[in-house]
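Below: the structure, in structure tokens.
The basis for the numbers below is simple: all heavy atoms, side chains too, and nothing from hydrogens, waters or symmetry mates. Every chain is numbered from 1 and lettered A, B, ... according to where its sequence line falls, protein lines coming before strand lines.
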Amino acid sequence: MENLDQLELNELMLQRRRKLEELKAKDIKPYGNKFSPTHHTADIKHNFEEFVGKEVSLAGRLMIIRGQGKASFAELADMTGKIQIYLKKNIIGEDLYELFSSLDIGDMIGLTGEVFKTKVGEITIRVNVFELLSKSLRPLPDKYHGLKDKEMRYRQRYVDLIVNPEVRDTFVMRSKILRTIRNYLDQQGFLEVETPMMHPISGGASARPFVTHHNTLDIDLFLRIAPELYLKRLIVGGFERVYEINRNFRNEGMSYKHNPEFTMLELYQAFADYNDMMELMENLCCHVAQEVLGTTKVTYQGHVIDLTPPWRRLSMIDAVKEYTGVDFDQIQTDEEARKAAKEHGIEVDDTMPRGKIINEFFEARVEEHLIQPVFIMNHPVEISPLAKRMVEDSRLTYRFEAFIFSWEMCNAFSELNDPIDQRERFLAQVAQREAGDDEAQMMDEDFVRALEYGMPPTGGIGIGIDRLIMVLTESHSIRDVILFPTMRPEK
RNA sequence: GGGUCAUUAGCUCAGUCGGCAGAGCACCUGACUUUUAAUCAGGGUGUCGAUGGUUCGAAUCCAUCAUGACUCACCA
């Protein structure tokens, strides 16, 4: 027997450990082996007429016990839901009934019994025989109020999942959304690939990376902030349609919509451009919503958001003009741009070029208004080091971001495939980095070398999967769609 | 990183002006063979987040710290 003195146990936990010893003394195994249920609770609940009078075997956790002397009711929960069970002493016998009477809420059992309906119409299993599968040594939270403490729900997600069924629903939905996305892309000829999570050079996005160290090679590696540069190497290599759905890691602040590790879909399509990516984005979101929700109009925080294509398309400069009246088509120099920013109370520093100031206007004055899906297009080249320049205006790029509920849901562009321009953009980033911007990108010579072999014109897109899931599941925090969100360690 | 708030029984929460630590559920004992937040009778199980301080006396007032939530900044 374990030394109880060394554990910090409250009275309830001690009681359950004493029961455990009593079971062992009676030669009842408290932790069973295999049990083979014939059905799940939902099968019976949804098809009562088919099951009535028949014998079934179920396995699950006792959630409520209502003893009534020589008979007892209880609720058994499995992955599909709950069902009431009924145990009578003169059916299951004295020994088994005594065992049942000693069980606690949270214990897991396997049982066999007949399906019937009680006089008030509750579908119930009349148990003929049962066995203990796992003794629970800790009390569960309040049967009525559940577990509300957010810290405990995130830290002990297993308890959250046991007592709050809607949490399980959210993660089932998450799984369905991911499967639907994969099926959709697979049907269109995209190949799912896996590229490195540990990068010798951090690239593909503007963000601070996590650093780790490989002992044998004695080199620092960065957890990836984006798979972009590797996926484009695959386009060079001849895979014409690839995607990856996996984690990115960014060493930055946490909030209701930021977790240090988050899931991103990145996709590249050879011979396509950003117009194709816009169509793909709106069609994919619409398809997923239709498949998992049965509608393309989703309600999020009181707004009905209509995902039906086509979505509005608006250049960033036109968006700034629409919401602030400032027309950057008429503002050509960095000095004029900074003057306009100061007039509108937007903070800029004296080194900021026109392109960055357009973006500052956009983020400060436009984003908050973008509730319905909209593509914001043609970003300045200064903030788009991997996107192809527009023929119409070489200071802008064929890039877009989709906004839904003011959140950036994706980032996409016609990929820069000119290796000489790419090298210059990297050098500009390196200069910014040396000037103190630790989110600017690093030079990736191998990536430039790959482009020198020739990359076809390519459309690429990155979609923040967690945020898409938040909107589709009406979750208000990213932590509600990530099973084990990042937390400070206990104690 | 800044601001605001929270932390009391296993869970959900009260706790007034600084004066014996409370409720519901859970749990324990007993009754009860169709209950369903079962019911009935009895039982309170606690390092009031931690450490200092003020005070005759602190869950309560003050300071610091810890953890979390919300929010702002940064970011996707």
Side-chain angles (χ1 to χ4, degrees), chain A residues 8-16 18-19 63-75 82-92 97 101-102 104-106 116-124 126 136-156 159-160 162-164 204-209 225-226 247-266 347 363-364 367 401-404 406-411 437-439 462-468 470 476-479 485 487-491:
Chain A
E8 285 184 18
L9 297 176
N10 62 49
E11 185 56 32
L12 297 178
M13 289 158 70
L14 283 169
Q15 276 166 13
R16 288 183 179 223
R18 282 196 289 269
K19 286 184 180 180
M63 298 304 289
I64 289 181
I65 299 171
R66 293 184 284 270
Q68 262 198 261
K70 295 182 180 62
S72 293
F73 289 90
E75 282 178 15
K82 292 180 191 172
I83 198 162
Q84 178 167 267
I85 63 174
Y86 180 53
L87 300 96
K88 278 169 91 165
K89 192 173 186 173
N90 59 2
I91 291 179
I92 65 172
Y97 196 76
S101 300
S102 76
D104 290 302
I105 290 173
F116 77 108
K117 228 178 225 184
T118 64
K119 66 182 182 187
V120 291
E122 179 85 18
I123 296 167
T124 305
R126 188 187 291 108
S136 168
L137 296 180
R138 288 175 181 264
L140 285 174
D142 190 288
K143 65 181 174 186
Y144 187 61
H145 296 96
L147 181 65
K148 290 190 172 173
D149 185 276
K150 286 191 180 179
E151 180 179 356
M152 217 185 306
R153 291 182 58 186
Y154 297 141
R155 285 192 193 281
Q156 296 182 243
V159 180
D160 192 27
I162 291 169
V163 299
N164 296 325
S206 298
R208 281 203 303 274
I225 57 175
R247 231 65 63 77
N248 287 350
F249 307 87
R250 297 190 184 174
N251 201 346
E252 287 167 352
M254 294 160 65
S255 78
Y256 72 97
K257 54 178 176 174
H258 298 88
N259 195 64
E261 54 178 307
F262 62 102
T263 298
M264 181 84 115
L265 161 63
E266 280 206 17
E347 277 186 44
E363 289 182 356
E367 267 187 20
E401 295 171 299
F403 285 83
I404 298 176
S406 304
W407 297 350
E408 184 189 334
M409 300 298 287
C410 76
N411 183 23
D437 182 354
D438 57 2
E439 289 180 358
I463 302 174
I465 293 295
D466 306 285
R467 289 184 183 177
L468 181 61
M470 284 172 72
H476 292 188
S477 168
I478 197 169
R479 296 182 151 197
M487 302 283 282
R488 205 182 292 269
E490 287 181 77
K491 288 164 191 172

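The residue A:G464 sits apart from the nucleic acid: no heavy atom pair falls under 4.0 Å. Residue contacts for A:R66: at a heavy-atom cut-off of 4.0 Å it reaches a base atom on one of the strands shown. Counting non-hydrogen atoms under 4.0 angstrom, A:R16 reaches nothing in the nucleic acid. Within the nucleic acid shown, A:F116 comes within 4.0 Å of at least one base atom, counting heavy atoms only. As judged by a 4.0 angstrom heavy-atom cut-off over every strand, A:K82 is placed among residues making no nucleic acid contact. When heavy atoms are screened at a 4.0 angstrom cut-off, A:N259 is found touching base atoms of the nucleic acid. The residue A:K119 sits close to a base: some heavy atom pair falls under 4.0 Å. A:S255 comes within contact range of no nucleotide atom at all, as no heavy-atom separation falls under 4.0 Å.
Between A:K70 and B:U35 there is no side-chain polar atom (N or O) within less than 4.0 angstrom of OP1 or OP2. Of the side-chain N and O atoms in A:K143, one or more sit less than 4.0 angstrom from OP1 or OP2 of B:A26. For A:R155 and B:G68, the shortest distance from a side-chain N or O to OP1 or OP2 is below 4.0 Å.
Electrostatic pairing of A:E75 and A:K143 does not count as a salt bridge here, judged by no charged N lying under 4.0 Å from a carboxylate O.
Pairing for B:C61 goes to B:G53, judged as Watson-Crick or G-U wobble with the two contacts each under 3.5 Å. In a base pair of the Watson-Crick type (N1 to N3 plus N6-O4 or O6-N4) or a G-U wobble (N1-O2 and O6-N3), with each distance short of 3.5 Å, B:A23 is matched with B:U12. Base pairing annotation: B:C40 forms a Watson-Crick or G-U wobble pair with B:G30, both donor-acceptor distances under 3.5 Å. Using Watson-Crick or G-U wobble geometry with both donor-acceptor distances under 3.5 Å, B:C70 finds its partner in B:G3.
In terms of heavy atoms, A:P141 sits closest to A:G146 at CB-O, 3.7 Å. Scanning all heavy atoms of the two residues, the minimum distance from A:M152 to A:L147 falls at SD-CD1, 3.9 Å.
Separating the CD atom of A:Q68 from the P atom of B:G30 is a distance of 17 Å, rounded to the nearest angstrom. One interatomic measurement links the two molecules: CZ of A:F73 to C1' of B:U39, which rounds to 13 Å at whole-angstrom precision. One atom, CD1 of A:I65, and another, P of B:C32, lie 19 Å apart when rounded to the nearest Å. In this entry the distance linking CD of A:Q84 with P of B:U33 reads 17 Å, nearest Å. Atom CE of A:M470 is separated from atom C1' of B:A76 by 11 Å (rounded to the nearest Å). Distance CD1 (A:I465) to C1' (B:A76): 12 Å, rounded to an integer number of Å. B:A69 atom P lies 13 Å from atom CD1 of A:I478, rounded to whole Å. For the pair A:R18 CZ and B:U29 P, the computed distance is 10 Å after rounding to whole Å.
Between the C1' atoms of B:C56 and B:U51, the separation comes to 23 Å (whole Å). As rounded to the nearest Å, B:A21 and B:A9 have C1' atoms that lie 10 Å from one another. Distance check on atom P: B:G30 versus B:U67 gives 46 Å, rounded to whole Å. A distance of about 11 Å separates the P atoms of B:C5 and B:C62, rounded to the whole Å. Here the separation of B:U54 from B:A63, taken at their P atoms, is 15 Å to the nearest Å. Straight-line distance between the C1' atoms of B:A6 and B:U60: roughly 15 Å, to the nearest whole Å. With both ends at atom C1', the span from B:C28 to B:C17 equals 38 Å, rounded to whole Å. Nucleotides B:A41 and B:C32 are separated by 12 Å at their C1' atoms, to the nearest Å.
Side-chain proximity of A:E408 to B:G68, B:A76, B:U33: nearest is B:A76. Of the candidate nucleotides B:A37, B:G68, B:A76, B:A76 has the atom nearest to the side chain of A:R467.
Of the possible donor and acceptor atoms, one in the side chain of A:K19 sits under 3.5 Å from a partner among the backbone N and O of A:S102. With hydrogens and angles disregarded, a donor-acceptor distance shorter than 3.5 Å links the side chain of A:S406 to the backbone of A:E367. In terms of modelled atom types and a separation under 3.5 Å, the side chain of A:N259 and the main chain of A:F262 share no donor-acceptor contact.
On a pure distance criterion of 3.5 Å, no polar donor-acceptor pair joins the side chain of A:E122 and the base of B:U35.
Between A:Y144 and A:R208, the residue anchored nearer the 5' end of RNA chain B, judged by the nucleotide with its closest heavy atom, is A:Y144.
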Per-nucleotide protein contact string for nucleotides 2-15 of chain B (B base, S sugar-phosphate only, - none; heavy atom under 4.0 Å): --------BBSS--
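Between A:W407 and B:A76, no base-stacking contact is recorded for ring centres under 5.5 Å apart and planes less than 30° from parallel.
Side chains of A:T124 and A:I85 form no contact here, defined as non-hydrogen atoms less than 4.5 Å apart.
Between the side chains of A:R138 and A:Q156, no donor-acceptor pair of N or O atoms lies under 3.5 Å.
For A:F249, the ring-ring contact (aromatic ring centres under 6.0 Å, His included) criterion is met by no residue, not counting sequence neighbours.
Remark: A:R247 CZ is loosely packed, at most 12 non-hydrogen atoms of other residues, nucleotides or ligands lying under 6.0 Å away.
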